[in-house]
Visitor: 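Following this message is one structure expressed as structure tokens.
Please read all numbers here as calculations on a predicted model, not as lab measurements. Residue numbers begin at 1 in each chain, while the letters A, B, ... track the order of the sequences.
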Number of protein chains: 2
Amino acid sequence: EQAEVVGVSSDRKIAKITLLDVPDEPGLAARVFQDLAAEEVNVRLIIQSASSESRGRITFVLDDEYVERAELLVEQWKAGGVASDASIDHDVAKISIVGSRLASTPGLAARMFAALGRERINIDCISSSEMKVACVIRGDQAQRAVRAVHDEFFPPDGDKSPSGG
Amino acid sequence: EQAEVVGVSSDRKIAKITLLDVPDEPGLAARVFQDLAAEEVNVRLIIQSASSESRGRITFVLDDEYVERAELLVEQWKAGGVASDASIDHDVAKISIVGSRLASTPGLAARMFAALGRERINIDCISSSEMKVACVIRGDQAQRAVRAVHDEFFPPDGDKSPSGG
Ligand SMILES: C[C@@H](O)[C@H](N)C(=O)O
Ligand SMILES: C[C@@H](O)[C@H](N)C(=O)O
């Protein structure tokens with residue numbers, strides 16, 4: 001079964017929160033996301049990459065409408081030793097390619113990253129799986145980013161061969 | 001449409017590579033994954049969380065069979081200034097819950113993390129989307145992890161209510 005990108009989507013009405021110095025021990029991620037769930041906050045993406053020196057860093061993306069509730073939680077978490085600090089970034093956008101067998105097809109994610117790179121769009125966060133590759137970028141670059149990624153996978157002239165050498 | 005977890009899966013024949021100090025500039029992620037694609041390396045997960053001080057950190061999970069090729073690339077990347085160093089961890093497992101509307105249903109990811117937390121299983125990396133939440137943990141904890149997450153979403157006694165308070 002051929003891997004295929006079936007769509008490109010973008011989301012600008014989101015914010016990104018990164019919790020710093022989360023103790024890298026069992027139960028911390030559970031605490032953070034249980035607290036968010038109790039406030040009925042919809043979390044779109046969760047990204048935690050390998051920690052360093054027993055300190056984890058958890059990034060999550062949420063719809064704008066939930067940011068205030070999340071900010072209250074951030075204060076509780078700081079007071080409770082769940083994180084030393086948090087950065088909240090309102091000017092972000094999430095660009096995704098959706099398809100099948102994305103991960104087991106070397107190069108599909110690379111083509112998305114290359115499309116953004118050629119536009120000089122910096123990739124802040126990446127989360128990928130078999131069915132979706134999502135990049136978090138600066139909000140004001142969303143439109144250019146969607147166009148670039150869309151043209152990469154659905155070229156305007158109908159030529160479906162990968163771009164680049 | 002009710003959100004639902006339809007399955008729990010695990011993967012132990014994988015390794016995790018984290019590239020350190022990747023310049024946080026356009027084109028770097030593209031370079032890394034284009035190089036991997038050129039070597040036909042299947043990448044299962046890509047996780048990059050928000051960088052600090054212009055230095056990015058990119059973690060990716062790949063099947064064991066591709067680790068040697070990736071290690072050769074790591075040396076090239078270090079020589080080429082793409083990363084200052086890389087850590088390669090062979091003893092990892094990926095545990096995933098798969099379903100629909102996972103992200104827009106507060107609490108599903110939290111239940112997975114809580115199931116692992118109660119078993120004192122530390123979560124090293126997290127990558128989530130609407131259809132899948134994947135956690136990278138220590139390889140030797142995979143069996144216990146799968147059982148705990150499976151029992152959380154498919155309780156043995158048939159009681160489908162969420163566990164915990
Ligand atoms: C940082 C956080 O993910 C922690 N490692 C946990 O397992 O909950
Ligand atoms: C670190 C890497 O992702 C870089 N920010 C890029 O856009 O390629």
Side-chain angles (χ1 to χ4, degrees), chain A residues 16 18 24-34 36-51 56-59 87 89 96 103-111 113-136 164, chain B residues 16 18 24-34 36-52 56-59 87 89 96 103-110 113-136 164:
Chain A
K16 177 191 73 164
T18 295
D24 191 23
E25 308 158 2
L28 268 299
R31 161 85 181 266
V32 167
F33 293 97
Q34 280 170 329
L36 286 161
E39 292 296 318
E40 294 184 49
V41 173
N42 279 351
V43 172
R44 294 291 167 199
L45 267 190
I46 302 168
I47 299 173
Q48 174 185 311
S49 68
S51 60
R57 172 186 278 225
I58 304 180
T59 294
S87 63
D89 193 344
S96 305
S104 38
T105 308
L108 286 183
R111 284 172 58 191
F113 305 150
L116 295 171
R118 282 191 297 271
E119 290 292 318
R120 312 316 296 155
I121 293 170
N122 196 45
I123 301 167
D124 187 33
C125 309
I126 301 169
S127 170
S128 82
S129 67
E130 279 293 337
M131 310 195 51
K132 181 185 247 203
V133 182
C135 291
V136 177
Chain B
K16 177 191 71 164
T18 295
D24 191 23
E25 309 159 0
L28 268 298
R31 161 83 182 266
V32 167
F33 292 97
Q34 281 171 330
L36 286 161
E39 292 297 318
E40 296 185 47
V41 173
N42 281 351
V43 172
R44 294 290 168 199
L45 267 189
I46 303 169
I47 299 172
Q48 173 186 313
S49 67
S51 59
S52 56
R57 173 186 277 226
I58 303 180
T59 294
S87 63
D89 192 344
S96 305
S104 38
T105 308
L108 285 183
F113 305 150
L116 295 171
R118 283 192 296 273
E119 290 293 317
R120 313 316 297 155
I121 294 170
N122 196 45
I123 301 167
D124 186 32
C125 308
I126 301 169
S127 170
S128 81
S129 67
E130 279 294 336
M131 309 194 54
K132 182 184 244 200
V133 183
C135 291
V136 177

Visitor: Most heavy-atom pairs under 4.5 angstrom with chain A, which of B:A38, B:S127, B:A115, B:S51?
Guide: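 Greatest number of close heavy-atom pairs with chain A: B:S127.
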Visitor: What residue in A:I46, A:I121, A:T59 has the most heavy-atom pairs under 4.5 Å with chain B?
Guide: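 Option with the greatest count: A:I46.
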Visitor: Quick check: do B:F113 and A:V32 have side-chain heavy atoms less than 4.5 Å from each other?
Guide: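 In short, these two side chains do not touch, never coming nearer than 4.5 Å.
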Visitor: Looking at A:S49, A:G27, A:G117, which has the largest count of heavy-atom pairs under 4.5 Å with chain B?
Guide: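 Among A:S49, A:G27, A:G117, the one with the most close pairs to chain B is A:S49.
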Visitor: Which atoms of B:A29 come close to chain A, meaning under 4.5 Å heavy atom to heavy atom: side chain ones, backbone ones, both, or neither?
Guide: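 When you check distances to chain A, atoms from both the backbone and side chain of B:A29 fall under 4.5 Å.
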Visitor: Identify the two heavy atoms, one from B:I126 and one from B:I47, that lie closest to each other, and give their separation to 0.1 Å.
Guide: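 In terms of heavy atoms, the two residues are closest at O-CD1, 3.8 Å.
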Visitor: Under 4.5 Å from any heavy atom of chain A, what part of B:S128 do you find: side chain, backbone, both or neither?
Guide: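 Answer is both: backbone and side chain atoms of B:S128 are under 4.5 Å from chain A.
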Visitor: Between A:S96, A:A37, A:S87, A:P26, who has the most heavy-atom pairs with chain B when the cutoff is under 4.5 Å?
Guide: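 Among A:S96, A:A37, A:S87, A:P26, the one with the most close pairs to chain B is A:P26.
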Visitor: Measure the CG-CG distance between B:L36 and B:N42 for me, rounded to the nearest 0.5 Å.
Guide: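 Answer rounded to 0.5 Å: 10.5 Å.
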Visitor: Do you know which of B:A30, B:C135, B:G107 has the most heavy-atom pairs under 4.5 Å to chain A?
Guide: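 Highest number of pairs under 4.5 Å: B:A30.
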Visitor: Among A:V136, A:L45, A:T18, A:D24, which has the most heavy-atom pairs under 4.5 Å with chain B?
Guide: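 Counting heavy-atom pairs under 4.5 Å, the top option is A:D24.
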Visitor: Tell me, please, which residues at least two apart from B:D89 pass salt bridge (Lys or Arg N to Asp or Glu O under 4.0 Å).
Guide: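 Residues passing salt bridge (Lys or Arg N to Asp or Glu O under 4.0 Å) with B:D89: none at all.
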Visitor: Sequence neighbours left out, what passes salt bridge (Lys or Arg N to Asp or Glu O under 4.0 Å) with B:R31? Give chain and number order.
Guide: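 Result, salt bridge (Lys or Arg N to Asp or Glu O under 4.0 Å) vs B:R31: B:D35.
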Visitor: Counting only non-hydrogen atoms closer than 4.5 Å, does A:I123 touch chain B with its backbone (N, CA, C, O), its side chain (CB onward), both, or neither?
Guide: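 For A:I123, backbone and side chain are both near chain B.
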Visitor: Give the member of A:E39, A:E25, A:K132 that has the highest number of heavy-atom pairs under 4.5 Å with chain B.
Guide: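 Ranked by contacts with chain B, first place is A:E25.
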Visitor: At a heavy-atom distance under 4.5 Å, which candidate from A:R57, A:E130, A:Q34 has the highest pair count against chain B?
Guide: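 Option with the top pair count is A:R57.
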Visitor: Does B:C125 reach the side chain of B:K16, with side-chain heavy atoms less than 4.5 Å apart?
Guide: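 Sidechains of B:K16 and B:C125: in contact.
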